[in-house]
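Not measured: the values here are computed from a predicted model. Just so it is clear, the values below take in all heavy atoms, side chains as well, and ignore hydrogens, waters and symmetry mates. For the single chain, residues carry numbers from 1 onward in sequence order.
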Amino acid sequence: MQAVTWQGRRSLSVEDVPDPSIQEPTDAIVRITSTAICGSDLHLYEVLGPYMHKGDVIGHEPMGIVEEVGSEVHRLKKGDRVVVPFNISCGHCFMCNQGLQSQCETTQVKEKGSGAALFGYSELYGSVPGGQAQYLRVPFADYGPVKVDSDAPDERYLFLSDILPTAWQAVEYANVPEGGTLAVLGLGPVGQFAARIGLHKGFRVIGVDPVPERRAMAESRGVETLDYSSDVSGKIREETLGRGPDSVVDAVGMEAHGSPVASFLHRAVSLLPDKPAQVAMETMSVDRLAALHTAVDMVRRGGTLSLSGVYGGQADPMPLMRMFDKQIQLRMGQCNVRSWTDDLLPLVEDDADPLGVMHLVTHTGGLDEAPALYEKFQKKQDGCIKVVLKP
């Protein structure tokens, strides 16, 4: 089969790789019909290279048709249409029973001290082959995949794999009071959905992003927007009775603009051999924290920060005195995808499309176009906000 493979920093290629096969009786093989490029895939493209291996198959936002099931899979059969969540969880361990599927004790990558294994997401999360491919082996298939009983376009359901539940969890964790104001930093795909979900829940939503096309997309859904600038916190306080928003979702993460020192360190670490680079990242790495520091400054006293953007630094300098003084509440973590499926399925199946799942994709292409589309997405060229690949 063909698959998108990692070859080095900012280097991807589409290669012929072996077809996946049933390895455990709880596995299924899914023929991929749509698979998206996620903003966190760009971390593999740039920052997390020391944990990647040449030829790794990437991607973690797929859906498709079941081609084969193992002997212990009873919920699915050949021909079923499914969405595959990005985290691999068993559904029956202590953590899964707590609704913390991203911490699944069965698939935790203990040798790296990481949570549940993820599709296509580096040695840190199990080096499991990903979904930007023609076929995908899906472990624990009786639990993870979301069955789709509809012939609606893939885009109606595809985002249940990651970015839609990630945005939903971000807003839930933001704990916005009734009638309150939610600020969303970063209007990429997760930020777009977080803003739409905030509006759906009846909050005032202000989105912040430096890219005009992203602000325009959010505005088309009724979101107020501000350009990202050095005085954006002051501007948003002017709009919120001088206090700041009740809650802030940081949908940017470790590669925020405006962090030149951390950006230099990222590049320096990327030049080291893999093992020394891993040691450096696991002991003294720092993230580009401009967005997070802006969120701390922006949120009102007693407010809540919700982090959905991925962070990986072990030595990040945080303004703890400021956070303590402002009595900020902080929630974060990988999305527990299956915890939110029942909330989201009725919304994506609603023909009114309240969350605009059919109005997010800006670019579509075949697998062979993936390397060029990754570059376009990273550089925010041509109004690129969300990419879907069609194997």
Look only at the side chain of Y121 and the backbone of S40, and say whether a donor-acceptor pair between them is shorter than 3.5 Å.
yes
Under the side chain to side chain contact (heavy atoms under 4.5 Å, CB included) rule, what do Q132 and V57 come out as? Steps first, then yes or no, please.
CA-CA 7 Å; Q132 289 174 13; V57 178; 5.6 Å; no
Which residues pass the salt bridge (charged side-chain N to carboxylate O under 4.0 Å, His left out) test with E72, not counting sequence neighbours?
none
Examine the side chains of Q169 and N336 and answer whether a donor and an acceptor come within less than 3.5 Å of each other.
yes
We want to know whether S13 and E15 form a side-chain donor-acceptor pair, criterion being a heavy-atom distance below 3.5 angstrom.
yes
With sequence neighbours left out, which residue pairs that include part of residues 164-183 fulfil the salt bridge (Lys or Arg N to Asp or Glu O under 4.0 Å) condition?
E172-K201
Once rounded to the nearest 0.5 Å, what's the spacing between atom CD1 of I32 and atom CD of E67?
10.0 Å
So the ring pair (Phe, Tyr, Trp, His ring centres under 6.0 Å) pairs with at least one residue in residues 89-118 (sequence neighbours excluded) are none
CD of Q101 to CG of N87, rounded to nearest 0.5 Å, is 7.0 Å
Determine, for E239 against R204, whether the closest basic-nitrogen to carboxylate-oxygen distance falls under 4.0 angstrom.
yes
Distance check, rounded to the nearest 0.5 Å: L100 atom CG versus S339 atom OG?
7.0 Å
Starting from V109, walk the hydrophobic network (Ile, Leu, Val, Met, Phe, Trp, Tyr; side-chain heavy atoms closer than 4.5 Å) and list everyone else you reach, by chain and number.
none
Quick one: which residue pairs count as a salt bridge (Lys or Arg N to Asp or Glu O under 4.0 Å) with a foot in residues 344-354, not counting sequence neighbours?
R156-D351
Partner residues of A170 under the side chain to side chain contact (heavy atoms under 4.5 Å, CB included) criterion, sequence neighbours left out
V249, S306, S308
State which residues pass salt bridge (charged side-chain N to carboxylate O under 4.0 Å, His left out) with K326; sequence neighbours excluded, sorted by chain then number.
none
What pairs with Q334 under side chain to side chain contact (heavy atoms under 4.5 Å, CB included), at least two apart in sequence or on another chain?
F86, S102, L118, Y125
Criterion side-chain contact (heavy atoms from CB on, under 4.5 Å) against V190, the qualifying member of L164, D162, I163, V184
I163
All ring-ring contact (aromatic ring centres under 6.0 Å, His included) counterparts of Y135, not counting sequence neighbours
none
So does I385 get a backbone contact from the side chain of T362, meaning a donor-acceptor N/O pair under 3.5 Å?
yes
Filter on ring pair (Phe, Tyr, Trp, His ring centres under 6.0 Å), then keep only pairs touching residues 345-366, sequence neighbours left out; what's left?
none
Taking salt bridge (charged side-chain N to carboxylate O under 4.0 Å, His left out) as the test, write out the residues that go with D27, two or more places apart.
R137
Restricting to pairs with a member in residues 370-391, which pass ring pair (Phe, Tyr, Trp, His ring centres under 6.0 Å), not counting sequence neighbours?
Y45-Y374
Less than 3.5 Å apart, any donor N or O on the side chain of Q23 or S21 sitting next to an acceptor on the other?
no
R81/D154 salt bridge by N-O under 4.0 Å criterion:
yes
Is the closest side-chain donor-acceptor distance between D227 and S229 under 3.5 Å?
no
Interatomic spacing from CD1 in I88 to CD in Q108 - rounded to 0.5 Å:
13.5 Å
